[in-house]
Number of protein chains: 2
Amino acid sequence: MKLTSSQEEYLKTIYLLEKNKQKVRVTDIAQKMNITKPSVNKALRILKDLKLINYEVYGNIELTKEGRQNAKEIIKKQDTLEIFLIGILEIEKKQAEEEAKAIKHAMSKESIEKLDNYITKILDLGDLKCGYDKNNEKCRSCIKITARERLKKAKDSEIKI
Amino acid sequence: MKLTSSQEEYLKTIYLLEKNKQKVRVTDIAQKMNITKPSVNKALRILKDLKLINYEVYGNIELTKEGRQNAKEIIKKQDTLEIFLIGILEIEKKQAEEEAKAIKHAMSKESIEKLDNYITKILDLGDLKCGYDKNNEKCRSCIKITARERLKKAKDSEIKI
DNA sequence: TGTTTTTGTTAGCCTTCGCTAACATTTTAA
DNA sequence: TTAAAATGTTAGCGAAGGCTAACAAAAACA
């Protein structure tokens, strides 16, 4: 069953909130996604119908097994894209996150898998010790090092929820 | 002025049709985009209001200077993404085209520029003659060669409009 | 425990962008 | 030159996914 881009965002948000809180609230979701509570309410009913969350009026909100499965996949997509955009393409963090968020819905699981493998390959190339100067921008070792540094830098500046 | 994903598709389609025909018709656009004529009609009115096309009832359809500018940028985005997906990630052509089409709206001009530069860099790495065997999948020369071959293959199988 | 604040819901509206049905215009060709 | 075919338009519907206004329920607290 194919979810909409919006539905994916809801699942992702609920998953991340579940990790940090006992109970996920409509208000939390609305705040995190920067939309109104009635919009969240409407979306939750649909996600419930799709059996992706458990939810009753004025009751608890929690992902079902299937919902969690979906959420994980969505988050993996976004993470992989962010790593590529920040670490390889050197796009500034905030911009990269925004773009990754918008792109992820358009990419299949298989394509993300390929991107993931590619990133690993590029990051590992340095291990081959090509012998070029570290300052040569085409040197694979240098590519590796700068990519890792960029990722570390981006990760360090993270603000916890 | 930020266009919607759908509007970008219309501009792209009109641009490509203009290159192959004297006159662009509602029917042509509908057929190419696989939607109905009334949908096209509605969209054309909006594009006209946005001054991206010249268009009168029962009259000719043509891109304005600004519309053409936009169309070119959109096509560049899609092309760059396709090259990356097909040539570097080795995603199958049809799938890659579909994904590139959906992704392009989410990426800024600047990010596409970076992706384009990255692709060029990767394709050029082979020129450094790293010395590894051609059959080593981590060899930069090999990466270059296989990527170029994949692109050529994908291009050759193109069906003209 | 009763009142205020916070949280959640309902109803109904708007925009985007598809669609069908019905009709108008233009083009083609007999 | 007029009838048929092709093309284009109008009107109005529907789904998705936002929104506000108004109200209901729950929680906090005095």
Side-chain angles (χ1 to χ4, degrees), chain A residues 1-14 17-18 20-63 67 70-71 74 98 101-102 104-106, chain B residues 1-14 17-18 20-63 67 70-71 74 98 101-102 104-106:
Chain A
M1 167 222 17
K2 187 78 185 136
L3 301 178
T4 67
S5 188
S6 162
Q7 287 163 351
E8 290 187 350
E9 275 305 301
Y10 281 105
L11 290 183
K12 184 188 92 184
T13 303
I14 294 169
L17 285 169
E18 271 190 356
N20 291 11
K21 311 209 24 154
Q22 308 79 334
K23 298 201 174 177
V24 177
R25 307 248 212 75
V26 171
T27 304
D28 298 330
I29 300 171
Q31 200 174 303
K32 197 117 201 295
M33 292 180 68
N34 211 30
I35 57 183
T36 64
K37 290 185 289 172
S39 300
V40 174
N41 184 279
K42 196 190 278 190
L44 292 182
R45 292 157 179 277
I46 294 168
L47 292 175
K48 186 198 167 167
D49 286 348
L50 295 173
K51 304 211 186 304
L52 296 168
I53 61 170
N54 294 318
Y55 168 62
E56 298 302 333
V57 165
Y58 291 110
N60 289 343
I61 300 162
E62 50 176 34
L63 293 171
N70 270 278
I74 292 155
E98 200 178 291
K101 176 175 158 183
K104 70 180 185 305
H105 178 65
Chain B
M1 168 223 18
K2 186 79 184 137
L3 300 178
T4 67
S5 188
S6 161
Q7 285 163 352
E8 289 187 350
E9 275 305 301
Y10 280 105
L11 290 183
K12 185 188 92 182
T13 304
I14 295 169
L17 285 169
E18 269 189 357
N20 290 13
K21 312 207 27 154
Q22 309 80 335
K23 299 204 172 175
V24 177
R25 306 249 211 77
V26 171
T27 303
D28 299 329
I29 300 171
Q31 199 173 304
K32 198 117 198 295
M33 292 179 69
N34 211 31
I35 56 183
T36 62
K37 289 184 289 172
S39 300
V40 174
N41 183 278
K42 197 190 278 190
L44 293 180
R45 290 157 180 277
I46 294 169
L47 291 174
K48 186 196 169 170
D49 286 349
L50 294 174
K51 304 212 186 303
L52 296 169
I53 61 170
N54 294 319
Y55 168 62
E56 300 301 333
V57 165
Y58 291 110
N60 288 344
I61 299 162
E62 50 176 33
L63 292 170
N70 270 280
I74 293 156
E98 200 177 291
K101 177 175 156 183
K104 67 179 190 302
H105 177 65

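Each chain gets a letter, A, B and so on, in the order the sequences are listed, and its residues count up from 1. Everything quoted here is computed from the prediction, not taken from an experiment.
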Return no unless some side-chain N or O of A:Thr4 is found under 4.0 Å from OP1 or OP2 of D:dG17. yes
By nearest-heavy-atom nucleotide on DNA chain C, the more 5' of A:Ile61 and B:Pro38 is A:Ile61
For A:Ser6, answer base if it contacts any base atom (sugar-phosphate contacts may also be present), sugar-phosphate if it contacts only those atoms, and nothing otherwise; contact means non-hydrogen atoms under 4.0 Å. sugar-phosphate
Of the listed nucleotides D:dT7, D:dG18, C:dT7, the one nearest the side chain of A:Thr27: C:dT7
Could you walk me through whether A:Lys48 and A:Leu44 pass side chain to side chain contact (heavy atoms under 4.5 Å, CB included), step by step? CA-CA 6 Å; A:Lys48 186 198 167 167; A:Leu44 292 182; over 6 Å; no
Rounded to the nearest 0.5 Å, what separates atom NZ in A:Lys23 from atom CG in A:Asn60? 4.5 Å
Is there a donor-acceptor pair closer than 3.5 Å between any side-chain N or O of A:Glu18 and the backbone N or O of A:Leu63? yes
Atom CD1 of A:Ile61 and atom CG of A:Leu17: how far apart are they, to the nearest 0.5 Å? 9.0 Å
Atom pair distance, as rounded to whole Å: NZ in A:Lys42 and C1' in D:dC19: 9 Å
Using a cut-off of under 3.5 Å, enumerate the N/O to N/O pairs linking the protein to nucleotides 23-26 of chain D.
residue: D:dA25; atom: O4'; partner: A:Tyr58; partner atom: OH; Å: 3.3

Contact summary for B:Leu11 and B:Ala71, nearest pair of heavy atoms: O-CB, 3.7 Å
Rounded distance (Å) that lies between atom C1' of C:dC17 and atom CD1 of B:Ile46: 8 Å
Whole-Å gap separating P (C:dT7) and CD (A:Glu56): 21 Å
Tell me the interatomic distance from A:Asn41, atom CG, to C:dG12, atom P, rounded to whole angstroms. 15 Å
Rounding to a whole Å, what distance do you find between B:Lys23:NZ and D:dT7:P? 14 Å
Just how far, in rounded Å, is P of D:dG17 from CD of A:Glu8? 11 Å
Which residue, A:Tyr55 or B:Met33, contacts DNA chain C at a nucleotide closer to its 5' end, judged by nearest heavy atom? A:Tyr55
Identify whether any heavy atom of B:Val57 sits under 4.0 Å from a base atom; if not, whether one sits that close to sugar-phosphate; answer base, sugar-phosphate or nothing. sugar-phosphate
Can you tell me if B:Lys104 uses its side chain to pair, donor with acceptor, with the backbone of B:Lys101 under 3.5 Å? yes
Here the distance between atom C1' of C:dT9 and atom CD1 of A:Ile35, to the nearest Å, is 15 Å
Testing C:dC19, D:dG17, D:dG8 for proximity to the side chain of B:Ser39, the answer is C:dC19
Quick one: which of D:dG8, C:dC19, C:dG8 gets closest to the side chain of A:Val26? C:dG8
In whole Å, I'd like the distance from the NZ atom of B:Lys37 to the C1' atom of C:dA21. 13 Å
Residue pair A:His105 / A:Lys2, side-chain heavy-atom distance below 4.5 Å: yes
